[in-house]
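Worksheet: one structure, shown below.
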Amino acid sequence: MSRLRTAARPHRLAAAIAVLLPFGAASAQETAAVAEKDAATLDTVQVTAQRKVENIQDVPVSISTVSGEQLGVLASGGTDIRFLSGRVPSLNIESSFGRAFPRFYIRGYGNTDFRLNTSQPVSLVYDEVVQENPILKGFPLFDLEQVEVLRGPQGSLFGRNTPAGVVKFESAKPSQEASGYAKVGVGSDNMWNLEAAIGGALSPRWSARGSALFQRRDDWVTNTYPGPNDGFEGYDEGAARVQVLYEGDGFDALLNAHARRLNGTARLFRANIIQPGTNDFVPGFDEDEVSQDGLNYSELRSHGASARLSWDLGQHKLYSITGYESVETINRGDIDGGYGAAFLPDSGPGVIPFASETADGIPEHSQWTQEFRLESAYAGPWNWQAGVFYFKEDYKVESFSYDSLNNSAQDGYQRIRQTNDAWAAFGAVTWQATDKLELRAGARYTVDEKKLTVEDYWNTGFAACVLAGKCTLAQLAALEPDGDLSAAPEDKKFNWDLSATYALNDDVNLYARAATGFRGSSIQSAGAFNGKSVAGPETVTSFETGVKADFWDKRARLSAGVYYYRVKDQQLTAVGGAANANILLNAEKSVGKGFELDLQAYVLDNLLVTLGSSYNDTEIKDGDLNVAVCAACTVTDEQVLDQDGDPTGRYYIGGNRLPQAPKWVHNLTARYSIGLGDGSELYLYTDWAYRSEVNFFLYDAIEFTGKSSLEGGLRIGYAWNYGDYEVALFGRNITDQRRIVGGIDFNNLTGFINEPRTVGVEFSAKF
């Protein structure tokens with residue numbers, strides 16, 4: 001049982017762009033006479049996409065960054081890591097667990113699987129340590145130097161599951177100079193957002209930095225049913241990080257310890273909120289109320305540490321990165337989204353064929369990583385890096401089911417254990433072939449081994465074991481074709497990448513890149529609704545080309561490119577359906593193609609505008625692949641017929657786009673400032689993120705197609721003492737847009753929605 005809690009418990013963004021850009025163009029003509037020395041210019045952006053510090057314009061990878069003020073603005077409403085969704089081209093983030101379990105998609109390529117032993121094709125790397133388990137990926141963002149989003153396969157230089165890309169976070173580092181900040185924000189629904197950091201020298205060679213975050217919000221949804229919860233969607237969350245840096249003669253060591261705690265309610269499922277035959281809310285939908293008889297909570301504890309060591313050996317540098325992560329979590333929710341069941345006279349809201357209340361947790365977990373990397377620092381045209389990487393993960397997952405019609409008595413339990421051991425050898429070489437042309441090549445060989453065993457299982461609520469009165473582990477094994485509940489796949493894979501950068505001049509670079517990526521096999525344990533399933537490894541081959549340019553006397557910067565990728569044997573998850581299954585599948589092939597654009601420009605010396613845009617067209621190419629579908633929705637795919645021509649209840653999904661893969665993602669920010677003298681300013685900052693419609697599941701259904709979304713933020717601030725102090729009014733989702741962003745499809749038209757509008761005030765001080 002869990003140690004945390006026992007079991008009983010037309011694009012509208014275009015209009016905004018049209019308003020801003022003509023204004024900027026006209027104003028630029030009026031200010032053409034401004035002296036060059038007084039003109040605002042863009043700073044050089046340094047990234048570590050190739051595991052070394054480089055100018056972002058010189059790296060032959062599609063990269064976007066989020067840093068500084070942008071992160072502070074986007075996080076001002078007390079939101080979690082999902083606030084990055086849509087804030088750079090081709091990035092989508094969603095969750096059916098709320099704050100605990102984000103799922104990442106880059107260029108439409110991701111994984112909708114909600115199981116706690118799943119893996120994702122988008123890797124998240126926090127301070128050079130991969131966060132493999134999906135719960136670890138939700139660690140809060142605070143006191144960061146920068147966020148980098150690397151699109152496309154990154155399998156040569158990064159250690160775990162990177163066929164779609166990498167999201168990379170880098171914390172602010174200790175230094176000899178004393179520095180820090182404090183921030184307090186207060187908003188609607190009694191929201192509090194507190195951050196602080198302080199750092200400086202401990203001695204001439206030692207420095208340290210400590211930082212912390214606390215966020216909370218009251219429940220903003222009322223439960224009108226006299227159930228165990230009076231309200232939902234509240235939380236309190238804290239996180240902290242301590243770093244110590246030693247800088248010696250030819251040797252540096254950066255030590256990091258961090259922890260997180262979350263208490264709140266889990267994702268709130270709402271029964272029958274979708275009007276049949278449409279993807280609209282039912283008439284009279286009230287986002288502030290639900291009626292549920294099940295228990296809902298989310299609890300999480302995590303902690304970790306890392307040691308990043310480096311030795312300067314003259315023409316070579318040696319790096320060692322050691323990381324440890326551990327997490328415990330439990331999430332419980334009323335999955336049917338209401339109360340009662342169809343055979344009760346007072347069931348509701350709407351038709352609920354059967355009650356469903358479940359919980360999933362990780363009571364034990366450990367992850368160890370170790371990397372050694374040697375890098376050259378030659379003055380000549382050739383340079384290289386090579387290394388080895390080791391990954392070891394061991395954890396248990398518990399799943400519970402409850403009878404909501406019997407005072408939520410527990411009626412099922414399963415505990416599995418999964419281990420994952422992997423090692424890899426990798427290397428990369430760069431050659432400055434001419435003054436204008438640089439060539440790069442990388443390779444990685446990986447061995448990945450997983451093992452899953454079912455340690456305990458019983459269930460009294462499902463038909464397969466009703467006559468026996470209780471399903472046991474032995475009975476579950478008897479239902480398996482081979483009687484074996486364990487699985488132990490081993491995968492070996494060679495990946496490579498080739499790229500070139502050609503400098504047209506000092507300000508314009510062209511690049512091209514071809515790369516492959518790999519994600520190891522996944523395992524679904526046998527359970528009440530489905531038997532054991534194993535999805536074999538998926539591999540991706542990607543091609544992209546683009547341009548990166550500074551222009552207008554470095555007042556503007558552009559990055560643009562086109563891409564195509566092909567995934568062989570992509571792992572997909574068929575969830576729900578009338579049989580409430582959760583089964584792993586391999587699609588024969590899926591493809592994606594599109595373009596991306598990043599633009600930043602000082603259209604005026606006091607007006608900075610950024611624009612990001614992407615088009616991602618994905619398609620499942622497997623004419624025979626079919627899945628079970630929802631019991632209460634309108635499916636538009638071709639139905640599978642039996643040999644007599646009768647419907648089977650299954651539908652073909654070949655030709656469908658990938659789930660949670662919007663074709664269009666746009667983002668826009670604009671910051672306008674007015675200098676008031678004496679180092680003070682008044683500013684206005686607005687940001688907008690648009691995504692087009694998405695499918696929630698593998699099949700196409702009218703009701704489970706999420707509408708396009710456009711969410712905006714606004715911040716009005718006053719800063720003084722040259723930015724050391726600031727007070728601001730802010731609003732997130734300022735139009736209070738309501739959208740269904742996910743669904744539960746086995747029972748009724750149950751969905752969950754986006755965050756409501758938040759308004760507040762924030763004060764910050766830096767030193």
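Start at 1 with the first residue, then count along the sequence.
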**OP:** Measure up the F704 and F697 rings against each other and bin them: parallel (under 30°), tilted (30 to 60°), perpendicular (over 60°).
**Re:** perpendicular
Original post:
Between F391 and R160, is there a cation-pi geometry (under 6.0 Å to ring centre, at most 45° from the normal)?
Top reply: yes
Original post:
Does a side chain donor of either D745 or Y699 reach within less than 3.5 Å of an acceptor in the other side chain?
Top reply: yes
Subject >> Test item: side-chain donor near acceptor, Y297 and N263, under 3.5 Å >> reply: no
Original post:
Any chance the side chains of K168 and T48 put a donor and an acceptor closer than 3.5 Å?
Top reply: yes
**OP:** Answer with yes or no whether the side chains of Q370 and T322 bring together a donor and an acceptor at under 3.5 Å.
**Re:** yes
Original post:
Are F158 and S123 side-chain neighbours, meaning at least one heavy-atom pair lies under 4.5 Å?
Top reply: no
**OP:** Indicate whether the side chain of S404 and that of E357 have a donor and an acceptor atom separated by less than 3.5 Å.
**Re:** yes
Subject >> Criterion side chain to side chain donor-acceptor pair (under 3.5 Å) on N229 and N296, from CA distance to verdict >> reply: CA-CA 7 Å; N229 287 80; N296 178 300; 5.1 Å; no
Original post:
Below 6.0 angstrom between ring centroids: does that apply to F752 and F269?
Top reply: yes
**OP:** Could you tell me how the ring of Y126 sits relative to the ring of F139: parallel (under 30°), tilted (30 to 60°) or perpendicular (over 60°)?
**Re:** perpendicular
Subject >> No-hydrogen, no-angle side-chain donor-acceptor test under 3.5 Å, T460 and D411 >> reply: no
**OP:** List the steps, then state whether side-chain contact (heavy atoms from CB on, under 4.5 Å) holds for I93 with V167.
**Re:** CA-CA 11 Å; I93 309 173; V167 179; over 6 Å; no
**OP:** Work out which heavy atom in I81 is nearest to a heavy atom in L124; give both atom names and the distance.
**Re:** CD1-CD1, 3.9 Å
Subject >> Side-chain donor/acceptor of K396 to backbone N/O of R415, under 3.5 Å >> reply: no
